[in-house]
Amino acid sequence: MSTAKPRAWPPRTTRARAARPRPPAKQRAQIPDAVVSHYARLLDDSGVLPLIDAELGPRPGPPGLPIAAVLTCLLLSINHTGKATLVEAWRIAAFCLTAAARHRLGLPDINREDIHQVLASSRRFYRAFDRLTTVLDPARHDRRARLPQHQADALAAA
């Protein structure tokens, strides 16, 4: 068995890093207003929004983002990226919609250069979806705890 030290990689220098080509920043495509209104109309025609509004009822505090805007952005993310994740839906809501489409959905305008406004808009988006999921949860409890089988069967049936 050899006692020689392994050869270290050559150190990276800042000059070598600066010489590397960088890919251009990818601009996100604007989604046409007709596509946004199509998915908003599809969601309205489904009849699910009055049911959600009835479940939400009056809540204390500021109203937050409309649930319809969050669900419309989720539909847009499925169509444009193939992913049904909240991060993709928020990216579409924040960076891919025109000002007219954002106004029609009830989303506030943000300055995309101000990182604080961008982070605040993402938190509002996530809170709106959280508001929806907590209302639709049949029995809110600690999801990390294991339930007894008879309680788990009752929740699965609900």
Determine, stepwise, if the pair Y126 / V87 fulfils side chain to side chain contact (heavy atoms under 4.5 Å, CB included). CA-CA 9 Å; Y126 279 85; V87 68; 3.5 Å; yes

Flag, side chain of R124 to backbone of G64, donor-acceptor distance under 3.5 Å: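 It does not hold such a pair.
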
Keeping T72 on the side-chain end and Y39 on the backbone end, is there a donor-acceptor pair under 3.5 Å?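 No, T72 side chain to Y39 backbone: no donor-acceptor pair under 3.5 Å.
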
F95 vs V118, side chain to side chain contact (heavy atoms under 4.5 Å, CB included): CA-CA, chis, key distance, verdict: CA-CA 10 Å; F95 302 113; V118 172; 4.1 Å; yes

Hey, are the side chains of [X] and [Y] touching, using non-hydrogen atoms and a 4.5 Å cut-off?
| X | Y | result |
| --- | --- | --- |
| D114 | I110 | no |
| T81 | R91 | no |
| L65 | R131 | no |

Taking side-chain hydrogen bond (donor to acceptor under 3.5 Å, both in side chains) as the test, write out the residues that go with S121, two or more places apart.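 If we apply the side-chain hydrogen bond (donor to acceptor under 3.5 Å, both in side chains) test to S121, skipping adjacent residues, the hits are W90.
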
Rounded to the nearest 0.5 Å, what separation is found between the [atom1] atom of [X] and the [atom2] atom of [Y]?
| X | Y | atom1 | atom2 | value |
| --- | --- | --- | --- | --- |
| L75 | N79 | CG | CG | 9.0 Å |
| L155 | H150 | CG | NE2 | 10.0 Å |
| I31 | I92 | CD1 | CD1 | 4.5 Å |
| T134 | L56 | OG1 | CG | 8.0 Å |
| I67 | I52 | CD1 | CD1 | 7.0 Å |

Would you say [Y] ends up clustered with [X] if hydrophobic residues are merged whenever their side chains have heavy atoms under 4.5 Å apart, either directly or through other cluster members?
| X | Y | value |
| --- | --- | --- |
| L105 | V35 | yes |
| L71 | L51 | no |
| L49 | L42 | yes |

Show the nearest heavy-atom pair for residues [X] and [Y], with the distance to one decimal.
| X | Y | result |
| --- | --- | --- |
| V36 | A101 | CG1-CB, 4.1 Å |
| R102 | L97 | CG-CB, 3.7 Å |
| A93 | C73 | CB-SG, 3.5 Å |
| R104 | D33 | NH1-O, 4.0 Å |

Assess whether atom CZ of R112 is packed by more than 12 heavy atoms of other residues, nucleotides or ligands within 6.0 Å.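 Correct, the count exceeds 12.
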
For P66, check side chain to side chain contact (heavy atoms under 4.5 Å, CB included) against everything at least two apart and list the hits.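 Partners of P66 by the side chain to side chain contact (heavy atoms under 4.5 Å, CB included) criterion, ordered by chain and then number, come out as A69.
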
